[in-house]
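Since we're looking at a predicted model, the values are computed, not measured. Both counts, for ligands and for their atoms, begin at 1 and track the order of listing. When a residue number appears, it is its place in the shown sequence, counting from 1.
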Amino acid sequence: MTRRFPYSPLAMLGLAGLLALQGCAPMAPGRHGLDIDTSIRARSQGSRVQFIVLHYTVSESTRALGTLSRGEVSSHYLVTDDEPPRIYRLVDESRAAWHAGQSEWSGYTWLNRSSIGIEIVNRGPVGTAADGTPAWQPYRPSQIRAVRALVRDIADRHGIAPENIVGHSDIAPLRKQDPGPLFPWRELAREGVGRWYDESVAQALGARFASQGLPDMEWARRQLARVGYAVPHGDAPPHDMQAVVAAFQMHYRPARYDGVFDAETAGVLAALVAASGPAGADDASAW
Ligand SMILES: [Zn+2]
């Protein structure tokens with residue numbers, strides 16, 4: 001069936017009006033002789049930025065600024081250790097910075113193009129503690145306040161989910177340890193920045209795992225993947241899985257991050273999974 005085009009005088013008037021409107025529509029300045037009409041904006045759209053990745057610099061402010069602005073790597077922001085801290089924006093948020101490298105989170109890979117990177121001036125590991133574990137440089141409270149305000153602002157503007165505010169070690173656990181076990185994820189989450197878990201649930205589940213036995217590593221693998229981690233295959237070297245567990249512990253149970261899948265770690269993981277949605281039947285049977 002053909003439809004007749006409505007050549008009524010009224011419709012013609014409407015068409016003429018539309019043409020007149022287009023005549024004065026804003027045109028974006030075009031390169032290559034392009035004129036692009038930007039007068040109409042689609043309602044359905046969103047930010048391309050889905051993740052915020054936190055790092056420490058290892059080097060001090062001046063050196064970090066030089067590396068990140070003139071070197072082969074970069075970040076959108078650098079938070080110095082001045083008092084008060086200075087926040088540099090080195091790369092516009094609409095562009096990619098080279099801060100994440102080979103990385104994966106929640107099935108997304110190579111996060112440079114989909115994330116905002118924030119470097120915090122901090123030396124990271126600074127020696128060895130009495131018990132033989134690395135000693136870490138603490139973050140300044142003023143730095144943490146600056147980072148919290150910055151992350152909150154970015155997350156609000158881009159609509160970034162709390163679970164997608166991550167550390168470099170979360171998205172590259174086999175290569176990276178930053179922002180390290182002293183980064184106060186828990187404190188930030190209590191202020192509404194990032195993801196945390198119900199600690200009483202974690203404690204109860206941990207106690208149950210301690211008395212009734214730990215779930216197997218296949219379970220650990222499945223749950224770690226559910227909360228976002230890229231989990232090595234079953235036939236990968238054991239230290240790969242240990243690195244992922246250590247990264248998880250640095251973020252969610254930083255008191256001990258030896259990569260040993262203990263009852264407390266299992267409890268925290270189960271509590272996180274429970275908080276992020278109803279468990280499948282196979283998972284429910286494990287706790
Ligand atoms: Zn990093």
Side-chain angles (χ1 to χ4, degrees), residues 49-81 85-93 95-106 108-127 134-140 143-144 146-148 150-151 154-155 158 160 162-185 188 193-195 227-230 232 240 242-252 254 257 259:
V49 177
Q50 298 180 72
F51 310 97
I52 297 174
V53 183
L54 301 180
H55 307 258
Y56 56 56
T57 54
V58 177
S59 55
E60 44 76 37
S61 262
T62 313
R63 188 155 174 206
L65 200 51
T67 307
L68 294 169
S69 62
R70 297 193 301 274
E72 300 289 302
V73 294
S74 57
S75 66
H76 294 88
Y77 294 95
L78 173 72
V79 179
T80 72
D81 56 355
R86 184 182 283 258
I87 303 176
Y88 288 94
R89 180 162 59 221
L90 305 171
V91 176
D92 193 90
E93 287 183 11
R95 295 173 63 75
W98 312 142
H99 63 97
Q102 186 173 2
S103 49
E104 183 171 345
W105 188 249
S106 284
Y108 291 84
T109 54
W110 294 93
L111 302 188
N112 278 338
R113 296 216 169 262
S114 53
S115 68
I116 298 283
I118 301 174
E119 289 275 0
I120 310 163
V121 173
N122 175 283
R123 298 195 68 81
V126 287
W136 301 81
Q137 182 181 32
Y139 288 91
R140 290 168 180 264
Q143 278 183 306
I144 297 304
V147 168
R148 186 175 60 214
L150 180 60
V151 171
I154 297 165
H158 293 279
I160 295 171
E163 63 270 23
N164 289 338
I165 297 169
V166 293
H168 203 181
S169 53
D170 291 317
I171 62 168
L174 305 189
R175 300 187 298 119
K176 297 291 176 180
Q177 289 195 299
D178 55 322
L182 295 191
F183 186 80
W185 291 107
L188 259 67
V193 174
R195 171 176 64 178
V227 299
Y229 290 84
D240 284 8
Q242 198 178 345
V244 175
V245 173
F248 174 80
Q249 291 168 330
M250 275 193 178
H251 191 139
Y252 295 105
Y257 52 91

Chi angles and distances behind the side-chain contact (heavy atoms from CB on, under 4.5 Å) call for Arg195, Ile165 = CA-CA 8 Å; Arg195 171 176 64 178; Ile165 297 169; over 6 Å; no
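Considering just the N/O/S atoms of His55, the one nearest the Zn ion (ligand 1) carries the name ND1. The Zn ion (ligand 1) lies closest to atom OD2 when only the N/O/S atoms of Asp178 are considered. In terms of distance to the Zn ion (ligand 1), the nearest N, O or S atom of His168 is named ND1.
Not a single N, O or S atom of His99, from either the backbone or the side chain, sits less than 2.8 Å from the Zn ion (ligand 1). For the Zn ion (ligand 1), the set of nearby N, O or S atoms under 2.8 Å includes none belonging to Glu119.
Taking OG of Ser169 as the reference point, atom OH of Tyr56 lies at 8.0 Å (rounded to 0.5 Å). The OH atom of Tyr77 lies 6.0 Å from the CG atom of Leu150; values are rounded to the nearest 0.5 Å.
Relative ring orientation between Phe183 and Trp185 is described as perpendicular, the plane-to-plane angle rising above 60° on a 0-90° scale split at 30° and 60°.
Enclosure of atom CZ in Arg175 by more than 12 non-hydrogen atoms of other residues, nucleotides or ligands within 6.0 angstrom is indicated.
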